[in-house]
Amino acid sequence: MSINRAEKICWKKCWILNYVLAFLLFTIWCFSMMWRWHPVVVYACKEQMIYSQPESNKPTRSDVLILSPWLAPIVWNGTYNSVILNAQFHQRNVRVGITVFATKKYTIFVQNFIDTAEKYFMVGHKVTYYVFTDRVSDIPAIDLREGRHLVVLQVPTYQRWQDVSMRRMEMIRHTSQERFINEVDYLVCVDVDMIFSDEIGVEILSNLVGTLHPGMFSVPRESCTYERNPQSEAYIPTDDGDFYYAGGFFGGTIEEIYKLTNFCHNAMMADQAKNIEAIWHDESYLNKYLLYHKPTKILSPEYLWDDDFGRPDYLKRRRFLAVRKNHYQIRNRR
Ligand code: 5GW
Ligand code: MN
């Protein structure tokens, strides 16, 4: 082989190497640009999760309070990232129970309640619906997604509607020890005359959870409809109170729900012995409990809305909506 030919081959190799190098550099540049300009494009590869970075100098909401004075988050749209939260709760393989009472004519709400929950409630997580009813045969068979179950539990019929509402505390307390403690990690306790109309996920889970009442949002403490009779176990003086919590949505771990329902039921029984009933029934006792046992997370009215309260600017999503009901037809006996 002549020297000339050997030189030519060497040059050729150098060119190929240059092309390969240029191609590699270009690919790296492409990836770095994707990384830089598309931080919201989220994908998971093994242990790494890519999502938009929290910005330390930018508040997520400027129109509403998102942290209580005892540092419990108040959950509003825009304040959390579902990608991160879902990964955390999947890692823990969390099981969620949701309790709902449907006695007498209120069984008509069950189908829509569960159908819409299948679409919006804790999608992708393990969920058990606990339906408490005095009319077991009225509860329809409903197709559920994978990992989701329906348990129907028989309860007594109470004639007074106030008792129907209040006895929920006793029955949740009882079932916490009997079943919930063995079957689920968190419990969500809600009204049945509702539909899910937007996502509700693991952002609501915490040790003890209360929800801001849509009709009492930002009302001064002295004007809140707490129980004002000092003889009642639900009594709250006018110079006390943080928020007014809704009776139709509370939650927490089974241990915390046991303590809450135990307090509320015992307080109701003590009042009954004195011939007293708090102004807003179970809701009044719930407010008393949550005032002196501060919730670790608070849900904004997005999580319990009624269109009777209109569409204020702060409300970016309506996730759980009260169903309009014909009070006379639905509430009269039998
Ligand atoms: C019946 C008559 C008057 C008021 C309540 C009832 C009733 C309530 C009933 O017959 N059966 C029943 O299962 N409930 C449960 O109590 C439902 O889970 C219902 O969502 C909850 C609270 O009663 P609501 O929803 O009528 O109360 P508001 O304050 O949401 O209107
Ligand atoms: Mn209701």
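We count ligands from 1, going down the list as the structure has it; atoms in each ligand are counted the same way.
Glu302 has no carboxylate O lying under 4.0 Å from a charged side-chain N of Arg317, or vice versa, which leaves the two without a salt bridge. Using a cutoff of 4.0 Å between basic side-chain nitrogens and carboxylate oxygens, Arg160 and Glu277 are scored as salt-bridged. Taking a cutoff of 4.0 Å between a charged side-chain nitrogen and a carboxylate oxygen, Asp242 and Lys294 qualify as a salt bridge. Checked for salt-bridge contact, Lys104 and Asp134 miss the test: no charged N lies under 4.0 Å from a carboxylate O. A salt bridge does not link Glu183 to Arg95: none of the charged side-chain nitrogens sits closer than 4.0 Å to a carboxylate oxygen.
Polar contact with ligand 1: absent for Lys105 (N/O pair, distance under 3.5 Å). Not one N or O of Val190 is nearer than 3.5 Å to an N or O of ligand 1, by distance alone. Considering backbone and side-chain atoms alike, Asp191 places an N or O below 3.5 Å from some N or O of ligand 1. Considering backbone and side-chain N/O of Tyr106, one or more are found under 3.5 Å from N/O of ligand 1.
In this structure, Lys325 counts as a contact residue of ligand 1, since one of its heavy atoms falls inside 4.0 Å of the ligand.
Here atom 2 (C) of ligand 1 lies nearest to Trp161 when heavy atoms of Phe132, Phe109, Trp161 are compared. Closest heavy-atom approach to atom 8 (C) of ligand 1 among the candidates Asp282, Val164, Thr103: Val164.
A side-chain donor from one of Asp271 and Tyr285 sits under 3.5 Å from a side-chain acceptor of the other.
Distances shorter than 2.8 Å separate the Mn ion (ligand 2) from the protein N/O/S atoms Asp191 OD2, Asp193 OD1, Asp193 OD2.
Here Arg318 contributes atom CZ and Phe309 contributes atom CZ; the two are 14.0 Å apart, rounded to the nearest 0.5 Å.
Counting only heavy atoms from C-beta outward, the side chains of Val94 and Val96 approach each other to under 4.5 Å.
Proximity to Asp193 (heavy-atom distance under 4.0 Å) selects the following atoms of ligand 1: 20 (O), 24 (P), 25 (O), 30 (O). Close approach of ligand 1 to Val192 (heavy-atom distance below 4.0 Å) involves ligand atoms 17 (C), 18 (O), 20 (O). Counting atoms of ligand 1 from 1 in the listed order, those under 4.0 Å from a heavy atom of Ala102 are 13 (O).
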(request) Show the numbers, then the answer: is there a salt bridge (charged side-chain N to carboxylate O under 4.0 Å, His left out) between Asp307 and Arg324? (result) CA-CA 9 Å; Asp307 280 339; Arg324 185 102 342 129; 5.7 Å; no

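For the pair Arg61 (side chain) and Asn77 (backbone), a donor-acceptor distance under 3.5 Å is present.
Using the six-membered ring where Trp is involved, Phe132 and Phe101 have ring planes that are parallel, under 30° apart on the 30 and 60° scheme.
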